[in-house]
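All ligand and atom numbering here is 1-based and tracks the order in the structure.
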Amino acid sequence: MKFHVLTLFPEMIRQGFGTSVTGRAMKNGLLALNAVDIREYSKDKHKHVDDYPYGGGAGMVMQPEPIGLAYADITKDMQKKPRVIYVTPQGSVFRQSMAEEFAREDELIFLCGHYEGVDERILEEIVTDYVSIGDYVLTGGELPALVMMDAISRLVPGVLNNEDSAEFESFHDNLLEHPHYTRPVEYHGKRVPDVLLSGHHENIDRWRREQSLKRTLERRPDLLETAVLTSKDLEYLQSLGWNHSPVSENVK
Ligand code: ADE
């Protein structure tokens, strides 16, 4: 997977992405990053990339030309038109299913805005997806782009050490993950649940599944509406007082 990021702060992207798991995956050749400084495409002698909004109002607007030139440069050798994600609080809210969809692409372009916004004409020309990371406003698109790139990267085969771990984490079957324990067996008077020490794998799996269901019911009951549940899961949830039914095709 190759990420191209159009930004005024390429160092922020390189630093953020070059650390930890994604940094290691770049060294291993599984991920690649092309952080492009939009300012380098400014034809202005002072390297301006923004100007006052037509019609008046506060703040500055990013101009279309530098972004258009940077985009043309990135895409000149591409075989097909790539997906271009504009990170904006006005977009659809990012979720795991989007990360899964984007992870199937070979290359992705992120466009990070700053100031009051970006000239609408360049957005209309190049953007395929408007995506937000949540209902709050940040100072720029770099952190949201990094959030999405991280979520997408960990789904690229080989990026995580243990291939299983991507599958069994929160949001697998649309459920939250069960709690985890490691040594010591007792910490501040609290013991690790006996079942985890029993070595009985069937019981452990059932316990984890139930914890997962219980946690989802307590913390994110909205997820249960579209969770993939077995009839045993349903019985357990009902024993906890859950009285909704999931979408029927999701019952295994
Ligand atoms: N830019 C500023 N705030 C944002 C958000 N919440 N999501 C995506 N891009 C943004």
* Using a 4.0 Å heavy-atom cut-off, say whether P144 meets ligand 1 through its side chain, its backbone, both or neither. => side chain
* **Structural part of L138 in contact with ligand 1, heavy atom criterion under 4.0 angstrom** => both
Do [X] and [Y] have side chains that get closer than 4.5 Å, going by heavy atoms?
| X | Y | result |
| --- | --- | --- |
| Y41 | Y71 | no |
| P193 | Y181 | yes |
| S153 | V21 | no |

Distance filter under 4.0 Å to [X] heavy atoms, resulting ligand 1 atoms:
| X | result |
| --- | --- |
| V87 | 8 (C), 9 (N) |
| G134 | 6 (N) |
| Y136 | 3 (N), 5 (C), 6 (N) |

* **Polar proximity ligand 1 side, M148 side, N/O cut 3.5 Å exclusive** => no
* Asked: Taking distance alone, with no angle check, do V137 and ligand 1 share an N/O pair under 3.5 Å?
  -> no
* To do: May I ask you to identify the nearest protein heavy atom to atom 7 (N) of ligand 1, giving residue, atom name and distance to one decimal place in Å?
  => I133 N, 3.0 Å
* Asked: Among protein heavy atoms, which sits nearest to atom 10 (C) of ligand 1, and what does the distance come to when rounded to 0.1 Å?
  -> P89 CD, 3.4 Å
* Asked: Are L111 and V61 in one and the same hydrophobic cluster, where Ile, Leu, Val, Met, Phe, Trp and Tyr link if side-chain heavy atoms are under 4.5 Å apart?
  -> no
* Asked: Would you call D233 and R206 a salt bridge, using N to O less than 4.0 angstrom?
  -> yes
* Asked: Distance from D129 atom CG to I85 atom CD1, nearest 0.5 Å?
  -> 5.5 Å
* G140 heavy atom under 4.0 Å from ligand 1 -> yes
* To do: Could you go through the salt bridge (charged side-chain N to carboxylate O under 4.0 Å, His left out) check for R209 and D173 one step at a time?
  => CA-CA 11 Å; R209 183 76 181 178; D173 282 352; 3.2 Å; yes
